[in-house]
Protein chains: 2
Amino acid sequence: MDSVEVPEVVVLRLPLYVRALSQLMSESIDVVSSQQLGGLLQMTPAQIRKDLSYFGRFGKQGRGYDVRFLLHELQEILGLDREWRACLVGVGRLGRAIINYPGFYRENFRIVAAFDGDRAQVGSTIGEFNVQSMDELSDTVIDKKISIGIVAVPAQQAQNVIDVLIENNIKGILNYAPVAAKVPMNIVVRNIDPVLSLQSMTFYLRELE
Amino acid sequence: MDSVEVPEVVVLRLPLYVRALSQLMSESIDVVSSQQLGGLLQMTPAQIRKDLSYFGRFGKQGRGYDVRFLLHELQEILGLDREWRACLVGVGRLGRAIINYPGFYRENFRIVAAFDGDRAQVGSTIGEFNVQSMDELSDTVIDKKISIGIVAVPAQQAQNVIDVLIENNIKGILNYAPVAAKVPMNIVVRNIDPVLSLQSMTFYLRELE
DNA sequence: ATCTGTGAAATGATTCACAGCC
DNA sequence: GGCTGTGAATCATTTCACAGAT
């Protein structure tokens with residue numbers, strides 16, 4: 001079934017489908033066509049059908065997709081049918097905001113530990129977390145079955161923190177630091193960088209003035 | 001010179017070059033090859049050269065690129081040689097974190113006004129901002145020459161807020177709300193959505209366990 | 001009558017490879 | 001010898017268009 005490698009762009013779009021389908025379910029809509037879904041997400045019906053076809057045949061000809069069924073299938077494909085545990089590294093302003101952000105929790109991502117390289121921070125309490133030193137990372141990752149690291153340290157320290165996370169068997173990194181992380185191929189990195197987003201936006205705005 | 005349309009992927013990468021070049025400049029390195037830059041950013045030298053070639057011929061054969069010169073050129077191309085003013089809509093937890101985030105200011109993006117649809121918030125003070133009602137948006141956008149709107153309201157209200165921003169001549173939207181914004185073609189939207197990032201990451205992590 | 005799933009075609013992006021220059 | 005800039009080639013993604021199912 002997945003003998004053909006799924007393109008990464010397709011994987012990046014699946015969560016959009018999940019979100020739209022959740023929305024539809026909450027509106028008690030139980031069948032949706034690729035046409036309608038495309039309308040919601042501003043994309044072509046053909047792309048949606050093609051994307052889904054990498055994973056199976058979920059639709060009914062002449063009818064469309066059963067919302068609940070497709071949602072469950074996609075959640076399973078993405079691994080969203082379980083809880084994921086993450087640790088946060090860096091408890092400065094940004095790190096604190098991340099801890100307090102309720103969006104992760106709602107989608108079954110749990111931050112279960114917080115670390116900081118600054119010894120002055122270690123031992124302090126943030127929300128319900130005791131801030132731990134980086135030395136404790138190794139044991140905590142194992143004890144708490146952590147598979148994702150969230151990096152919220154200054155740019156200068158980011159690569160080092162990322163290296164430590166990888167040494168400790170973390171396979172996914174959500175990187176808020178403004179650096180291009182160097183990681184082995186088997187590590188999945190996602191960057192969150194609003195400044196980069198703005199800096200590419202202005203290219204288009206500039207022409208308008 | 002730009003008679004051939006520049007692909008959007010290229011524009012999205014330019015800020016990465018800007019960042020790397022700034023870094024190099026701060027290290028007093030004044031010449032860099034596409035090879036070296038590729039090493040820093042984890043991309044191929046050919047891609048960098050091709051990207052830059054959409055905008056001009058910035059390098060010297062046998063030598064590479066003058067760091068300071070290329071940096072200035074790219075900043076100008078992206079419109080980063082000036083200050084950009086933005087307003088924030090939504091002063092909940094997320095909005096407050098955005099206001100306090102120093103990264104925008106450092107890169108010449110100024111948040112100069114804050115709005116909230118919730119009348120209970122209006123009139124309160126956050127940092128140096130007086131939270132304004134949405135009714136005041138129209139005048140303030142003009143007075144303060146705001147061209148970018150930062151949306152940090154709950155999903156439900158996001159499309160409405162975005163519509164209001166666009167009605168008031170905002171051309172760029174940095175959207176933190178978890179929705180696929182519907183906007184006319186001439187509006188530039190950038191989405192910041194860490195949950196989507198995690199949800200596509202888990203597809204790859206799932207296979208490892 | 002409607003909508004999926006999918007090969008084939010079209011379009012878009014990346015990489016190659018080398019002429020030309022320093 | 002080293003490096004850019006760039007057409008050409010390759011590779012990837014999107015869109016088309018239609019057979020087949022309900």
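All heavy atoms count here, side chains included; hydrogens, waters and symmetry mates do not. Every chain is numbered from 1 and lettered A, B, ... according to where its sequence line falls, protein lines coming before strand lines.
For the pair A/A46 and A/G62, both in contact range of DNA chain D, the more 5′-proximal nearest nucleotide belongs to A/A46. Remark on DNA chain C: of its neighbouring residues A/K60 and A/K50, the 5'-side contact belongs to A/K60, judged by nearest-heavy-atom nucleotide.
Atom OH in B/Y54 sits roughly 17 Å away from atom P in D/dT4 (whole-Å rounding). One interatomic measurement links the two molecules: CZ of A/R63 to C1' of D/dG20, which rounds to 18 Å at whole-angstrom precision. Distance, A/F55 CZ to C/dT6 P: 13 Å, rounded to whole Å. Between A/D51 atom CG and C/dT6 atom C1' the separation is 13 Å, expressed in whole Å. Between A/F58 atom CZ and D/dA21 atom P the separation is 19 Å, expressed in whole Å. Distance B/R13 CZ to C/dA13 P: 9 Å, rounded to the nearest Å. Spacing between atom CD of B/Q61 and atom C1' of C/dC22 amounts to 7 Å, rounded to whole angstrom units. B/L12 places its CG atom 10 Å from the P atom of C/dT14, with the value rounded to the nearest Å.
Shortest non-hydrogen contact noted between A/R190 and B/Y204 is NH2-CE1, 3.7 Å.
Phosphate proximity of D/dG2 to B/Y65: absent, as no side-chain N or O sits under 4.0 Å from OP1 or OP2. Residue A/R49 places none of its side-chain N or O atoms closer than 4.0 Å to OP1 or OP2 of C/dG7. Side-chain nitrogen and oxygen atoms of B/S34 include at least one within less than 4.0 Å of the OP1 or OP2 phosphate oxygen of D/dT4. Considering only side-chain N and O atoms, A/Q47 lies under 4.0 angstrom from the phosphate OP1 or OP2 of D/dT14.
Tested against A/K171, the residues A/I148, A/N186, A/V183 include a single side chain to side chain contact (heavy atoms under 4.5 Å, CB included) partner, A/N186.
Among the atoms of the strands shown, only primed sugar atoms or phosphate atoms (P, OP1, OP2) are found under 4.0 Å from some heavy atom of B/R57.
Neither side chain, B/D193 nor B/Y176, offers a donor N or O lying under 3.5 Å from an acceptor on the other.
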Does the pair B/R85 and B/S147 meet the rule for a side chain to side chain donor-acceptor pair (under 3.5 Å), with working shown? CA-CA 6 Å; B/R85 284 171 301 284; B/S147 39; over 6 Å; no
Could you walk me through whether B/T202 and A/W84 satisfy the side chain to side chain contact (heavy atoms under 4.5 Å, CB included) test, starting with their C-alpha distance in whole Å, then the side-chain angles of each, then the deciding distance to 0.1 Å, before giving a yes or no? CA-CA 8 Å; B/T202 52; A/W84 289 90; 3.4 Å; yes
